[in-house]
Amino acid sequence: MKQTLLHISLVVRDYDEAIAFYTGALGFDLVEDAYLPEQDKRWVLVAPPGGGGTQLLLAKASSPEQEASIGNQCGGRVFLFLGTDDFWRDYEAMKAQGVTFVREPVEADYGTVAVFEDLYGNRWDLIQRKQ
């Protein structure tokens with residue numbers, strides 16, 4: 001048996017502002033943006049460049065319960081982990097784009113890591129694993 005994790009839903013306030021953040025500040029690729037008229041919503045996928053792996057489905061909140069989860073999808077813990085082949089290149093590029101780091105870089109046994117927040121406050125690790 002072979003399985004893969006294709007998409008992770010990330011609840012957002014607005015499609016276009018989320019696309020702008022992920023493609024602009026984080027440098028992700030816009031993989032797909034299609035309108036689904038039968039559901040009156042969009043299917044929006046973004047992914048890190050060169051990743052070829054799991055993609056984020058930017059899902060616009062459509063109820064008060066979903067709106068309450070925006071920015072707190074993991075209860076304040078780090079929610080997603082963005083791996084990189086060059087930590088300092090990506091860290092500096094993200095800072096230059098205004099990305100907020102809430103924990104500065106540290107060198108750990110497993111690699112270099114810092115915690116940043118997306119535009120809604122979800123926490124991410126930027127991490128370069130040691131070889």
Tell me the closest heavy-atom pair linking [X] and [Y], and the distance in Å.
X	Y	value
Phe87	Leu126	CE1-O, 3.4 Å
Asp29	Pro48	OD2-O, 4.3 Å
Leu56	Trp124	CD1-CH2, 3.6 Å
Asp14	Tyr120	N-OH, 3.4 Å
Gly27	Pro49	O-CD, 3.4 Å
Ile70	Ala61	CD1-CB, 3.8 Å

Set of residues satisfying salt bridge (Lys or Arg N to Asp or Glu O under 4.0 Å) with respect to [X], sequence neighbours excluded:
X	result
Glu117	Arg123
Glu17	Arg13
Asp85	Arg89

Taking the hydrophobic residues Ile, Leu, Val, Met, Phe, Trp and Tyr, and joining any pair whose side-chain heavy atoms are under 4.5 Å apart, which ones share a cluster with Phe81? Val78, Val102, Val115
Give the other cluster members for Trp43, using side-chain heavy-atom distances under 4.5 Å between Ile, Leu, Val, Met, Phe, Trp and Tyr residues; answer none if it is isolated. Val31, Leu36, Leu45, Leu57
Which pairs with one or both residues in residues 68-82 pass side-chain hydrogen bond (donor to acceptor under 3.5 Å, both in side chains), sequence neighbours excluded? none
Does any pair with a residue in residues 36-50 pass salt bridge (charged side-chain N to carboxylate O under 4.0 Å, His left out), and if so which ones, sequence neighbours excluded? Asp16-Arg42, Asp33-Arg42
Scan residues 101-115 for pairs that pass salt bridge (charged side-chain N to carboxylate O under 4.0 Å, His left out), counting only residues two or more places apart or in two chains. none
Please report the C-alpha distance between Ile19 and Val44 in whole Å, then the side-chain angles of each, then the deciding distance to 0.1 Å, and finally whether the side-chain contact (heavy atoms from CB on, under 4.5 Å) criterion is met. CA-CA 8 Å; Ile19 291 169; Val44 179; 3.7 Å; yes
Listed by chain and number, what are the side chain to side chain donor-acceptor pair (under 3.5 Å) partners of [X], not counting sequence neighbours?
X	value
Thr4	none
Gln97	none
Ser62	Gln66
Gln3	none

For Leu26 and Met94, run side-chain contact (heavy atoms from CB on, under 4.5 Å): C-alpha distance rounded to whole Å, both residues' side-chain angles, the deciding distance at 0.1 Å, then the answer. CA-CA 6 Å; Leu26 299 188; Met94 290 165 67; 3.4 Å; yes
Could you check whether the rings of Trp88 and Tyr91 sit parallel, tilted or perpendicular, using 30° and 60° as the cut-offs? perpendicular
Should the pair Tyr22 and Phe28 be assigned to parallel (<30°), tilted (30 to 60°) or perpendicular (>60°) ring geometry? tilted
Look up atom CD in Gln55 and atom CG in Leu10, then write down how far apart they are to the nearest 0.5 Å. 13.5 Å
Enter the distance from Tyr35:OH to Tyr15:OH here, rounded to the nearest 0.5 Å. 9.5 Å
When clusters are formed by joining ILVMFWY residues with side-chain heavy atoms under 4.5 Å apart, either directly or through shared neighbours, do Leu80 and Val113 land in the same one? no
Is the closest side-chain heavy-atom distance between Lys130 and Tyr110 below 4.5 Å? no
Derivation of the side-chain contact (heavy atoms from CB on, under 4.5 Å) call for Leu58 and Val46: CA-CA 8 Å; Leu58 303 180; Val46 296; 4.0 Å; yes
Polar side-chain atom of Asp125 near backbone of Ile127 as donor-acceptor pair, under 3.5 Å: no
Check against side-chain contact (heavy atoms from CB on, under 4.5 Å), Phe116 and Asn122: CA-CA 8 Å; Phe116 70 92; Asn122 293 301; over 6 Å; no
